[in-house]
2 protein chains.
Amino acid sequence: MGRAEMSGEDNLLRLVEAEEPDENGYHLQDQVGFILRKAHQRHVAIFASQIGDLTPPQFAALAKLHDIGETSQNQLGTLIAMDAATVKGVIDRLKARGLVELSKHEVDKRRLLVNLTAQGREAIERLIPLARAITEETLAPLSAKEAATFMRLLAKLA
Amino acid sequence: MGRAEMSGEDNLLRLVEAEEPDENGYHLQDQVGFILRKAHQRHVAIFASQIGDLTPPQFAALAKLHDIGETSQNQLGTLIAMDAATVKGVIDRLKARGLVELSKHEVDKRRLLVNLTAQGREAIERLIPLARAITEETLAPLSAKEAATFMRLLAKLA
DNA sequence: CAAAATTCATTCGTATGCAAATGATATCAA
DNA sequence: TTGATATCATTTGCATACGAATGAATTTTG
């Protein structure tokens, strides 16, 4: 596939000539996955700067429990998009800090019920305003209109 | 703050009445960070379904090395957005599989140079078409125009 | 030049994140 | 009812991801 055989569309030709023969111009920094990973990293960093003593997954668990009340560990995992193994670790750590408490389901003995403690409730209610600020700061590079568009499209991808 | 005191904008009133008094309507599933995390998860799953024997970070390292040639481990980390500790693990595993080789920088003895092996080069060149398919599948829920908009806005956030 | 500050790499500790295997319990179906 | 399935939780193993501490080498600066 020699370049000489290529008929002449100027921009394309210039583009091709600017690159190495074997490389058809794959640029990592233009790939969704790579940018998605970086955007997520940036968000996590912003989160950590505002809420230092809780991770985003831990916050998600508390926020969801605050929203819906007691549920099973598994159900909670589904709601906050974590598999069973991951959610267990998160809940274990929240339990160790006294933010959630566990109990057995009376009827279905397989289920482990998770609920906020008073301390957990106090914590999440205190943190929610900070979480709003985190969302705001994460979206700060975009105008209000851009942010709305972005959220709409991002939701379609997730 | 009784609801009765609220003057009547219909939509707002209905919205407020649908919620608990103390809860000002914080919904995890509407937060950028949460959706960003889910979108990233989905992408990683798509990646794994197309390229089973390499992770996205490992692929990123190979792709970048293919793009720019030999560099120091640290510099590579900067280019693919990984801190020093993370990049070391990734490179260690690629080395164990014979996809990259390491050498000492002649002048600056602190630096560890990383380069593709012949096998690594063969691998990345074989995988790049699959990576394009992964990008395509990740963006599949969006129209071409939406995808372009999304990429533009995402890049601003990352 | 010599001390101070930086840079590069490594190591340790902690926290996701997921696949796969396992055990206990529930539900479904023949 | 019992045998097959499915669900819930746990555990193990592996792979990011990052802060913090450390040591070696280089660069900056007084």
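Computed from a predicted structure; not experimentally measured. Numbered from 1 within each chain, the chains take letters A, B, ... in sequence-line order.
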Once you round it to whole Å, what is the distance between P of dG17(C) and CD1 of I91(A)?
13 Å
Do the side chain of T117(A) and the main chain of L99(A) share a donor and acceptor less than 3.5 angstrom apart?
yes
Touch class at under 4.0 angstrom, heavy-atom based, for V107(B) against every strand present
sugar-phosphate
Connected via hydrophobic side-chain network under 4.5 Å: I35(A) and F47(B)
no
Let me know the distance between CG of L36(B) and P of dG17(C), rounded to the nearest Å.
12 Å
For A81(B), is there any backbone N or O sitting under 3.5 Å from a side-chain donor or acceptor partner on Q41(A)?
yes
Does a side chain donor of either Q31(B) or T135(A) reach within less than 3.5 Å of an acceptor in the other side chain?
yes
If the plane angle is over 60° it's perpendicular, under 30° parallel, otherwise tilted; pick one for F150(B) and F150(A).
parallel
Reading 5' to 3' through nucleotides 6-15 of chain C, protein heavy-atom contacts under 4.0 Å coded B for base, S for sugar-phosphate only, - for none:
-BSSBB---S
Hey, quick one: are F34(B) and L157(B) part of the same hydrophobic cluster, counting side-chain heavy atoms closer than 4.5 Å, chains of contacts allowed?
no
Using heavy atoms to find the nearest nucleotide of DNA chain C for A81(A) and K109(A) separately, return the residue whose nucleotide is more 5′.
A81(A)
On DNA chain D, which is the earliest and which the latest nucleotide, 5' to 3', with an atom closer than 4.0 Å to a heavy atom of chain A?
dT7(D) to dC18(D)
With distance as the sole test, does T86(A) use its side chain to make a donor-acceptor pair with the main-chain N or O of M82(A) at under 3.5 Å?
no
Are any side-chain N or O atoms of R42(B) and backbone N or O atoms of T138(B), one a donor and one an acceptor, separated by less than 3.5 Å?
yes
